[in-house]
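Below: one structure, written as structure tokens.
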Amino acid sequence: MALKHAAENFSKSLKEEVQRWGSMKPTGVSLKYMMEFGSRPKEKKLLISAQFLLKELSIRIARRAMELENLPYGLSLKPAVLKVRDWYLDSFRDLRSFPEIKDRDNELAFTKMIKMIKVRHNNVVPAMALGVQQLKKDLDPNFVPKDLQEIHQFLDRFYLSRIGIRMLIGQHVALHDPDPEPGCIGQINTRLSPMQIARIASEDARCICFREYGNAPEVNIYGDPNFTFPYVPSHLHLMIFELVKNSLRAVQESFMSSDKDVPPIRIIVADGIEDVTIKISDEGGGIPRSGLPKIFTYLYSTAKNPLDENQEGLSEAVIMAGYGYGLPISRLYARYFGGDLQMISMEGYGTDAYLHLSRLGDSQEPLP
């Protein structure tokens, strides 16, 4: 009985603490600001970064934990969402119980802890997707998706915040690398070649396509191979990989039983003054105009729902398609540093994706 009473008090005090921190205003940072640390920052700079993160991560994680408690249509009660909420509460608890960061030893211990927080949250996206699919399964089939606007808006805020949290943690951890690659400041490559990333991401997507279908269309890439700009390679890889993967699937399925030559996917990299734009074009039959508004929502996918085959939904394997979150999350990655993602489609022919990336690096994180 005493234990139960203690648990209730603890959860009540934790809840109050989460609300107190969740009501504070987060502070956005820019790519330019992150690059000012340099590739081998001095101890004092790492100390300042850790002190900032201890407070900032507490605020951001508390805000998300609060939101996870109050989702519409019973989404908060889905087992997968409860699991995610517990991860956020555990991370908040870790941060708030960490002592004041005063010296190098504190800073190193803090870095080790936030690395563990990042690992703890690795499966947040598939877990939330599973929760949303569980909700979708339970809803009346006549329930119109536009009624779920609140959930789409929440997921946009939630995933955008997650990108920011992981970027801040990853950047701080990477600044400890004693032997950084030339041109790299933490996770940022100041001389990133979009052509090179497009090549690697395309090959990775083609491997998945081969695994799924036993074949994969060619991908042709056009642009200046010597052009570079500052960006986060892992972000760019994720976006191009998702877009190429979608195009490969569309083309492969369109030409599966055709005698015609399978048309290649075309990637064009253009370097403008303000933006780097990457266009990914396919001839995979396109998307009906009525379907275009749905492609950036989290409850829409043209592929078979992977939950039908994998009830756990948290498998490590990359699936070709099905959860319906590849495109909306890619757009959030683009927007995180001031870019955007647009889709233009011709039903009966194909689809063009335009990935705009700001090359100025001075836009603040769009904090939810």
Side-chain angles (χ1 to χ4, degrees), residues 18-19 21-28 59-85 87-89 92 121 123-168 235 238-239 242 287 290-302 305 307 313 322-343 353 355-356 363-368:
V18 166
Q19 284 174 339
W21 280 88
S23 62
M24 296 181 197
K25 197 171 165 51
T27 306
I59 294 170
R60 295 191 189 196
I61 285 171
R63 287 168 82 90
R64 301 290 74 81
M66 279 167 64
E67 273 204 304
L68 284 163
E69 286 274 355
N70 302 298
L71 301 177
Y73 309 110
L75 182 58
S76 290
L77 302 174
K78 297 298 170 205
V81 178
L82 286 170
K83 190 183 280 187
V84 172
R85 186 206 61 188
W87 290 337
Y88 274 77
L89 289 175
F92 178 77
H121 291 246
N123 275 330
V124 161
V125 176
M128 284 305 293
L130 179 61
V132 170
Q133 294 290 0
Q134 287 167 344
L135 173 70
K136 199 176 169 186
K137 247 182 167 178
D138 295 346
L139 288 174
D140 183 325
N142 300 321
F143 198 76
V144 186
K146 74 173 189 304
D147 296 336
L148 296 172
Q149 191 61 28
E150 271 180 272
I151 286 177
H152 296 310
Q153 288 168 354
F154 155 72
L155 288 169
D156 262 349
R157 287 194 304 275
F158 182 78
Y159 289 139
L160 188 61
S161 171
R162 179 177 183 270
I163 291 167
I165 288 167
R166 292 180 80 75
M167 180 66 205
L168 291 181
H235 288 196
L238 180 143
M239 292 183 279
E242 276 298 337
I287 303 161
S290 61
L292 269 176
K294 299 178 196 165
I295 63 173
F296 287 111
T297 68
Y298 296 93
L299 290 171
Y300 175 80
S301 175
T302 54
N305 182 350
L307 276 185
Y323 282 126
Y325 58 67
L327 277 178
I329 284 188
S330 295
R331 184 168 68 172
L332 293 179
Y333 269 96
R335 288 178 172 176
Y336 177 68
F337 281 130
D340 208 355
L341 171 60
Q342 293 168 319
M343 307 290 286
L355 183 57
H356 302 283
S363 70
Q364 295 279 1
E365 294 175 276
L367 292 175

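The chain is numbered in sequence order, starting from 1.
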Quiz item: Which atom pair, heavy atoms only, marks the closest approach of R60 to G28?
Solution: NH2-CA, 4.2 Å
Quiz prompt | Side chains of R64 and V84 in contact at under 4.5 Å (non-hydrogen atoms) | solution = no
Quiz item: Taking all non-hydrogen atoms of both residues, which atom of N70 and which atom of S76 are closest, and how far apart?
Solution: N-OG, 3.5 Å
Practice problem: Mind checking the CG-CZ spacing from L68 to F154? Nearest 0.5 Å is all I need. | Solution: 4.5 Å
Self-check item: Check: S330 side chain, G326 main-chain N or O, donor-acceptor pair, under 3.5 Å
Solution: yes
Self-check item: Over all atoms of both residues, closest heavy-atom pair of A62 and V18
Solution: CB-O, 3.5 Å
Practice problem: Side-chain contact test, heavy atoms from C-beta onward, threshold under 4.5 Å: evaluate it for F158 versus V124 and give yes or no. | Solution: yes
Quiz item: Does some side-chain heavy atom of Y73 sit less than 4.5 Å from a side-chain heavy atom of D138?
Solution: no
Practice problem: Answer whether the closest heavy-atom distance between the side chains of T297 and P328 falls below 4.5 Å. | Solution: no
Quiz item: Can the ring centres of H121 and Y88 be said to be less than 6.0 Å apart?
Solution: yes
Quiz item: Can you tell me how far the OG atom of S23 sits from the CZ atom of R63, to the nearest 0.5 Å?
Solution: 8.5 Å
Quiz item: In Å and rounded to the nearest 0.5 Å, what is the CG to CG distance from L75 to L82?
Solution: 9.5 Å
Quiz item: Between I59 and M24, what is the shortest heavy-atom contact and its length?
Solution: CG2-O, 3.4 Å
Quiz prompt | Euclidean distance, Q133 CD relative to K78 NZ, rounded to 0.5 Å | solution = 12.0 Å
Quiz prompt | Point-to-point distance, once rounded to the nearest 0.5 Å, from CG of L341 to CE of M239 | solution = 8.5 Å
Practice problem: For side-chain contact (heavy atoms from CB on, under 4.5 Å), just list the numbers for L155 and M128, CA-CA rounded to whole Å, side-chain angles, deciding distance to a tenth of an Å, and then say yes or no. | Solution: CA-CA 9 Å; L155 288 169; M128 284 305 293; 3.9 Å; yes
Quiz prompt | Geometric cation-pi criterion R331 and F296, 6.0 Å radius, 45° cone | solution = yes
Self-check item: Closest non-hydrogen atom pair, H356 against Q342
Solution: NE2-OE1, 3.0 Å
Practice problem: Kindly give the heavy-atom pair with the smallest separation between M343 and A353, and that separation in Å. | Solution: SD-CB, 3.5 Å
Self-check item: L135 side, atom CG; L71 side, atom CG - distance, nearest 0.5 Å
Solution: 9.5 Å
